[in-house]
Amino acid sequence: MVQEHTFQYSEIFPLESGESLPGFQLFYTTFGTLNARRDNVIWVCHALTGNANVLDWWPGLFGQGKLYNPADYFVICVNMLGSCYGSTGPLSINPQTNAPFFHTFPATTNRDVVRAFDALRQKLSIDQIHTLIGGSMGGQQALEWSIMQPEVVQYLIQIASNAQHSPWGIAFNESQRMAIQSDVSWPENHPDAGLEGMRTARAIALLSYRHYRTYQKTQQNTTSEQLTDYRAASYQRYQGEKLARRFNAFSYWTLSCAMDSHHVGRGRKSVMNALYQVKAKTLQVGIETDVLFPPGEQQFLAKHIPDSQLAIINSDYGHDGFLLEFAQLRQHISKFYREKNASVKISTANKVTPS
């Protein structure tokens, strides 16, 4: 059974930008039991609009009888700083003003997010993380943490991610923020400010998350006579509306900026020098159709992280394959553990179709 927790950090928390937070809260979930040696921890880092319940979005990897079985492992997933699923973010109350932060929420980076995670790790007296795993933005944070605390992480699994966010990825994120900024409500201090712009932003993002083959496979019209209301057009609107029902533009803006800040070489001489500091046994997983985090980025990581290997997933679903191709993920992860002499129980499950 998934258990929900809240971690309160009451001290001033300095940020990379030079600003600070007057303390913060992290919402996190756990399932499974921490063993006596406290060395069976699987720590999961979620993606940009994900939440702390890994069973919501990685059900093919986690759960009873799955690759990461709560009978064997203690699984923890934390909602990242700046998000809107229980952790401190722009809609949280600023204790210095007794009003929500809104536009005054300070800029955060992936490195700030990881430092907050590590404060929780220390509070829980977890000295060793068996496996640190994350995809996309979560993979960026997992890598940053493995560099920041190389003695803590035994196995690192980074999926569809990179060492620094690319100009291509930053351009996609800026285009989305431009959509939010064009919403006339965006300057307001209101929870729904920028929501219409965020609907458009999500539609833009989806083009980077999926692939030409995805739309050819799932969004073809059923008749050649159609002149309007195309399936692909309604799908884009549906996805924008779907996110607007569960997220807010302030967190979307904050987290997309944090993603853009990702650069493991900052303050460490170079990217390659930073990657050389990773001591965890590492699996890099790329997706052959990923246009946002193309396989060349994972090839670079596998080449420059000392004890690292590479696996490539075949998928029609582009970047979102990291949330869908469970059979291939299980296969590659299980093989990685076997080759590194780690024991993980394996089961089977069907691939999930995107909605």
Side-chain angles (χ1 to χ4, degrees), residues 2-30 44-54 56-57 76-124 137-138 141 145 173 176-177 179-181 183-199 201-202 242-261:
V2 174
Q3 296 183 318
E4 299 180 349
H5 314 266
T6 301
F7 167 59
Q8 299 286 347
Y9 186 90
S10 58
E11 301 175 26
I12 299 294
F13 188 68
L15 303 170
E16 258 199 295
S17 65
E19 297 182 272
S20 63
L21 280 170
F24 62 82
Q25 170 180 293
L26 293 179
F27 176 82
Y28 66 102
T29 66
T30 62
V44 187
C45 297
H46 67 75
L48 189 144
T49 64
N51 61 33
N53 188 351
V54 70
D56 283 350
W57 45 272
I76 178 169
C77 184
V78 187
N79 184 225
M80 72 175 81
L81 201 63
S83 185
C84 56
Y85 290 118
S87 293
T88 296
L91 298 191
S92 300
I93 299 297
N94 181 348
Q96 296 175 339
T97 65
N98 291 319
F101 284 98
F102 291 125
H103 293 282
T104 66
F105 191 76
T108 58
T109 67
N110 273 341
R111 205 168 288 183
D112 295 325
V113 170
V114 167
R115 286 178 47 245
F117 288 167
D118 201 63
L120 172 59
R121 177 191 66 82
Q122 294 177 52
K123 178 68 175 180
L124 296 176
M137 187 177 183
Q141 293 165 2
W145 203 353
N173 283 342
Q176 294 167 61
R177 289 190 293 267
I180 293 172
Q181 205 166 25
D183 186 329
V184 294
S185 71
W186 177 235
E188 299 173 9
N189 286 326
H190 187 278
D192 291 338
L195 211 56
E196 189 61 39
M198 191 185 72
R199 289 183 175 93
R202 185 61 165 187
K242 185 178 175 183
L243 183 69
R245 289 196 296 266
R246 67 176 180 87
F247 219 71
N248 71 78
F250 293 95
S251 283
Y252 201 88
W253 184 287
T254 296
L255 297 186
S256 71
C257 289
M259 177 182 275
D260 289 352
S261 78

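If you read the sequence from its start, that first residue is 1, and numbering goes on from there.
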Asks: Side-chain contact test, heavy atoms from C-beta onward, threshold under 4.5 Å: evaluate it for Phe7 versus Phe27 and give yes or no.
Replies: no
Asks: Show your reasoning for whether side-chain contact (heavy atoms from CB on, under 4.5 Å) applies to Phe247 and Ser83.
Replies: CA-CA 9 Å; Phe247 219 71; Ser83 185; 4.1 Å; yes
Asks: Show the numbers, then the answer: is there a side-chain contact (heavy atoms from CB on, under 4.5 Å) between Arg246 and Thr49?
Replies: CA-CA 9 Å; Arg246 67 176 180 87; Thr49 64; 3.1 Å; yes
Asks: Hey, could you give me the CZ/CZ distance between Phe24 and Phe13, rounded to the nearest 0.5 Å?
Replies: 5.0 Å
Asks: Does Tyr28 form a side-chain contact (heavy atoms from CB on, under 4.5 Å) with Thr30? I'd like the steps, not just the answer.
Replies: CA-CA 7 Å; Tyr28 66 102; Thr30 62; 3.9 Å; yes
Asks: Are Leu243 and Arg199 close enough, and set up right, to give a side-chain contact (heavy atoms from CB on, under 4.5 Å), and what steps lead you there?
Replies: CA-CA 7 Å; Leu243 183 69; Arg199 289 183 175 93; over 6 Å; no
Asks: Would you call His103 and Phe250 a side-chain contact if the rule is heavy atoms closer than 4.5 Å?
Replies: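 His103 vs Phe250: side chains touch.
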Asks: Is the closest side-chain heavy-atom distance between Phe102 and Leu91 below 4.5 Å?
Replies: yes
Asks: At their closest point, which heavy atom of Pro14 faces which heavy atom of Ser20, and how far apart are they?
Replies: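 Looks like CA-CB, 4.0 Å.
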Asks: State, with a plain yes or no, whether a side-chain heavy atom of Ile76 is found less than 4.5 Å away from one of Val44.
Replies: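 Ile76 vs Val44: side chains apart.
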Asks: Under a 3.5 Å threshold, yes or no: a donor from one side chain and an acceptor from the other, between Ser261 and Arg111?
Replies: no
Asks: Considering only NZ, NE, NH1 and NH2 on the basic side and carboxylate oxygens on the acidic side, decide whether Arg121 and Asp118 come within less than 4.0 Å.
Replies: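 Answer for the salt bridge query: yes.
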Asks: Quick one: NZ on Lys123 to CD on Gln8, what's the gap to the nearest 0.5 Å?
Replies: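 These two atoms lie 11.0 Å from each other.
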Asks: Trp253 and Phe105: aromatic ring centres closer than 6.0 Å?
Replies: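 For Trp253 and Phe105, the ring centres are not under 6.0 Å apart.
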Asks: Can you measure from OG (Ser87) to CG (Leu26) and round to the nearest 0.5 angstrom?
Replies: 4.5 Å
Asks: Under 3.5 Å, is there a donor-acceptor pair between the Gln176 and Tyr252 side chains?
Replies: yes
Asks: For the backbone of Leu195 and the side chain of Asp192, can you confirm whether one donor and one acceptor N or O come within less than 3.5 Å of each other?
Replies: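 The answer is no, because no donor-acceptor pair under 3.5 Å joins these two groups.
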Asks: State which residue, out of Thr29, Asn79, Asp56, fulfils the side-chain hydrogen bond (donor to acceptor under 3.5 Å, both in side chains) condition with Asn51.
Replies: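 So, applying the side-chain hydrogen bond (donor to acceptor under 3.5 Å, both in side chains) to Asn51 and each of Thr29, Asn79, Asp56, only Asp56 qualifies.
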Asks: Has Glu4 got more than 12 heavy atoms of other residues, nucleotides or ligands less than 6.0 Å from its CD?
Replies: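 At most 12 heavy atoms, drawn from other residues, nucleotides or ligands, come within 6.0 Å of this atom.
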Asks: Can you find a pair of side-chain heavy atoms, one from Met137 and one from Met80, that are under 4.5 Å apart?
Replies: yes
Asks: Just so I know, are the side chains of Trp57 and Cys77 near enough to count as touching, which here means a heavy-atom distance under 4.5 Å?
Replies: yes
Asks: Do Ile93 and Phe101 have side chains that get closer than 4.5 Å, going by heavy atoms?
Replies: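 Ile93 vs Phe101: side chains apart.
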Asks: Heavy atoms only: give me the nearest Cys45-Gly138 pair and the separation to one decimal.
Replies: CB-O, 3.3 Å
Asks: Hey, what do you get for CE (Met198) to CH2 (Trp186), rounding to the nearest 0.5 Å?
Replies: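 Interatomic distance, Met198 CE to Trp186 CH2, rounded to 0.5 Å: 10.0 Å.
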Asks: Answer yes or no: is there a side-chain heavy-atom contact under 4.5 Å between Leu21 and Pro106?
Replies: yes
Asks: When you measure from the side chain of Ser92 to the backbone N and O of Gly89, does any donor-acceptor pair fall under 3.5 Å?
Replies: yes
Asks: Looking at Asn110, Thr108, Thr109, which hits side-chain hydrogen bond (donor to acceptor under 3.5 Å, both in side chains) with Asp112?
Replies: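 Considering Asn110, Thr108, Thr109, a side-chain hydrogen bond (donor to acceptor under 3.5 Å, both in side chains) with Asp112 is found only for Thr109.
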Asks: For Gly82 and Ser251, which heavy atoms make the closest approach, and how far apart are they?
Replies: O-OG, 2.9 Å
Asks: Using atom types as modelled and distance alone, determine if a side-chain donor or acceptor of Ser185 lies under 3.5 Å from a backbone N or O of Gly194.
Replies: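 Checked: pair present.
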Asks: For Gln25, is there any backbone N or O sitting under 3.5 Å from a side-chain donor or acceptor partner on Thr88?
Replies: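 It does hold such a pair.
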Asks: Quick one: which residue pairs count as a salt bridge (Lys or Arg N to Asp or Glu O under 4.0 Å) with a foot in residues 247-260, not counting sequence neighbours?
Replies: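 Sorted result for residues 247-260: Arg177-Asp260.
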